[in-house]
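In what follows, a single structure is set out as structure tokens and then discussed.
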Amino acid sequence: MDVTFGLVVFAILAVVALVLVAKTLYTVRTATAGVVERFGKFNRIVQPGLHTLVPFGERVFFVDLQVKQAQFQVETKTKDNVFVQIPVSVQYQILPDKIYDAFYKLSAPQKQIESFVFNSILGHVPKLTLDETFDQQSGISVAVKAELDAIMTGYGFNISTALVTDIIPDSKVKDAMNDINAAQRAQVAAQARGEAEKILKVKQAEAEAESKALQGKGIAAERQAIIDGLRASIENFRESVPGATAEDVMALVLLTQYFDTLKDIGTKGGNNTIFLPNNPGAANEFMVQILAGLRGSMNSGASGGGMGLPVVAPPAPPPPPKS
């Protein structure tokens, strides 16, 4: 009986010892701090490692020192009466030297941060138009972070970042903005195409003008070569045939060219029908007409500084018939 009673007492003492050890020893993890209260009153802050408590007199509360992130969705109206949704992402952590303030001054730090974020956004965006809000998105982020830092530092929190991740207007407003952007881009594209067509036409006109100028120079050089050749032929013919005049030579040359032209017309296909007189005096009439036209062109050319061919005097009229 005494042995049994001793075993029971030993077991009770062992359980009590285990409970005391469990109540006395505890560990604090890395990136965590411990707030120890003794009989409900703050006593000390402990760092990571193994620690002891006064059994049944002290309690420990763990405080996470890691960076946390909170995301909020703020709805507000811009200066030009456009409702927008503004997602805000805030990263914050407890300052190691202000664990007491962070633990005791705020019961729900994320709710407090959300309230300050709403207050900051609603104090900035309604003063800006929609376009200005997009342009100053980074400036709004800086302003939100500065205001949160100034307020939350007093509660033991450090605001690492406060980012305005997006600005989301109403879907109808977004569609209208896309339509305006598309119209502006289409206008710019049309202007670019117009400028390109203008440049192309100008270049074509310049090329055509240059081509015409070169063509004119070529025709002038060709005519000058023909004139020089005719002049040399006339001089050689007059030297070879005594008594031949310049008019005789020109008549022979023009008549020969006339018959060569008729030959070309007859041998080439696709020509229209040409009616020619076939009487024996037709050739002489043709020659007289060609010479008359040549004299008129040469006379006008001589008065205007033209081809430079010698002007041949017209033949004397035939004597009147004898009675």
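The residues of the chain are indexed from 1 along the displayed sequence. Not measured: the values here are computed from a predicted model.
- Side chain of Thr52 to main chain of Thr24: no donor-acceptor pair is present (N/O by atom type, distance under 3.5 Å, no hydrogens or angles).
- Summarising the geometry, atom CD1 belonging to Ile140 is positioned 5.5 Å from atom CG belonging to Leu128; distances are rounded to the nearest 0.5 Å.
- When the side-chain hydrogen bond (donor to acceptor under 3.5 Å, both in side chains) test is applied to Ser120, the partners found at least two apart in sequence or on another chain are Glu147.
- Residues Lys68 and Tyr92 form a side-chain contact, since some pair of their non-hydrogen atoms from C-beta on lies under 4.5 Å apart.
- Between Val90 and Ile159 there is a side-chain heavy-atom pair separated by less than 4.5 Å.
- Taking 4.5 Å as the limit, some side-chain heavy atom of Phe157 sits within range of a side-chain heavy atom of Pro109.
- Minimum interatomic distance between Gln137 and Val164 (heavy atoms only, all atoms of both residues): NE2-O, 2.7 Å.
- Heavy-atom contacts from other residues, nucleotides or ligands closer than 6.0 Å to CD of Glu210 number 12 or fewer.
- Under the 4.5 Å side-chain heavy-atom criterion for grouping Ile, Leu, Val, Met, Phe, Trp and Tyr, Phe134 is not connected to Ile168 through any hydrophobic cluster.
- Remark: Asp80 pairs with Thr78 by the side-chain hydrogen bond (donor to acceptor under 3.5 Å, both in side chains) rule, at least two apart or across chains.
- Connection of Leu163 to Ile113 is not established within any shared hydrophobic cluster, with ILVMFWY side chains joined at heavy-atom distances below 4.5 Å, either directly or through further cluster members.
- Asp149 pairs by the side-chain hydrogen bond (donor to acceptor under 3.5 Å, both in side chains) definition with Lys145, not counting sequence neighbours.
- Atom CZ of Arg44 has more than 12 neighbouring heavy atoms from other residues, nucleotides or ligands inside a 6.0 Å radius.
- Looking at Val28 and Phe62, their side chains come closer than 4.5 Å, going by heavy atoms from C-beta outward.
- Heavy atoms only, all atoms of each residue included: Tyr155 and Ile151 are closest at CD1-O, 3.4 Å.
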Could you go through the side-chain contact (heavy atoms from CB on, under 4.5 Å) check for Thr32 and Leu65 one step at a time?
CA-CA 5 Å; Thr32 306; Leu65 301 180; 5.7 Å; no
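- We find the CG-CD distance between Asp170 and Gln85 to be 9.5 Å, quoted to the nearest 0.5 Å.
- In this structure, the separation between CD1 on Ile121 and CD on Gln73 is 11.0 Å, given to the nearest 0.5 Å.
- Residues Phe72 and Val142 do not share a hydrophobic cluster, clusters being chains of Ile/Leu/Val/Met/Phe/Trp/Tyr side chains in contact below 4.5 Å.
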As a quick check of understanding, evaluate side-chain contact (heavy atoms from CB on, under 4.5 Å) for Leu130 and Val84, giving each step before the final call.
CA-CA 9 Å; Leu130 181 60; Val84 293; 3.7 Å; yes
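- By the 4.5 Å heavy-atom criterion applied to side chains, Ser89 and Gln69 are counted as neighbours.
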Start with the C-alpha distance between Val46 and Tyr26, add both sets of side-chain angles, then the distance that settles side-chain contact (heavy atoms from CB on, under 4.5 Å), and finish with yes or no.
CA-CA 11 Å; Val46 295; Tyr26 68 96; 3.6 Å; yes
Decide side-chain contact (heavy atoms from CB on, under 4.5 Å) for Phe42 and Val35; before the verdict, give the C-alpha distance in whole Å, the side-chain angles of both, and the deciding distance to 0.1 Å.
CA-CA 7 Å; Phe42 172 76; Val35 178; 3.8 Å; yes
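- Between Ala102 and Ile94, the shortest heavy-atom distance links the atoms CB-CG2, 3.5 Å.
- How far CG of Leu122 is from OG1 of Thr76: 4.5 Å, rounded to the nearest 0.5 Å.
- Checked for salt-bridge contact, Glu58 and Arg38 meet the test: a charged N lies under 4.0 Å from a carboxylate O.
- Of the inter-residue distances, the one linking Ser141 atom OG with Gln136 atom CD reads 11.5 Å to the nearest 0.5 angstrom.
- Taking the six-membered ring where tryptophan is involved, the planes of Phe103 and Phe61 are tilted, since the angle between them lies from 30° to 60°.
- Note: Thr153 OG1 to Lys98 NZ = 6.0 Å, rounded to the nearest 0.5 Å.
- Contact detail for Asp166 and Pro87: the closest heavy-atom pair is O-CD, 3.1 Å.
- Leu95 and Met152 end up in different hydrophobic clusters when Ile, Leu, Val, Met, Phe, Trp and Tyr side chains are linked at under 4.5 Å.
- Judged by distance alone, with hydrogens and angles left aside, the side-chain atoms of Glu206 form no donor-acceptor pair with the main-chain N or O of Lys203 at under 3.5 Å.
- Residues Tyr104 and Glu37 come closest through the heavy atom pair OH-OE2, 2.7 Å.
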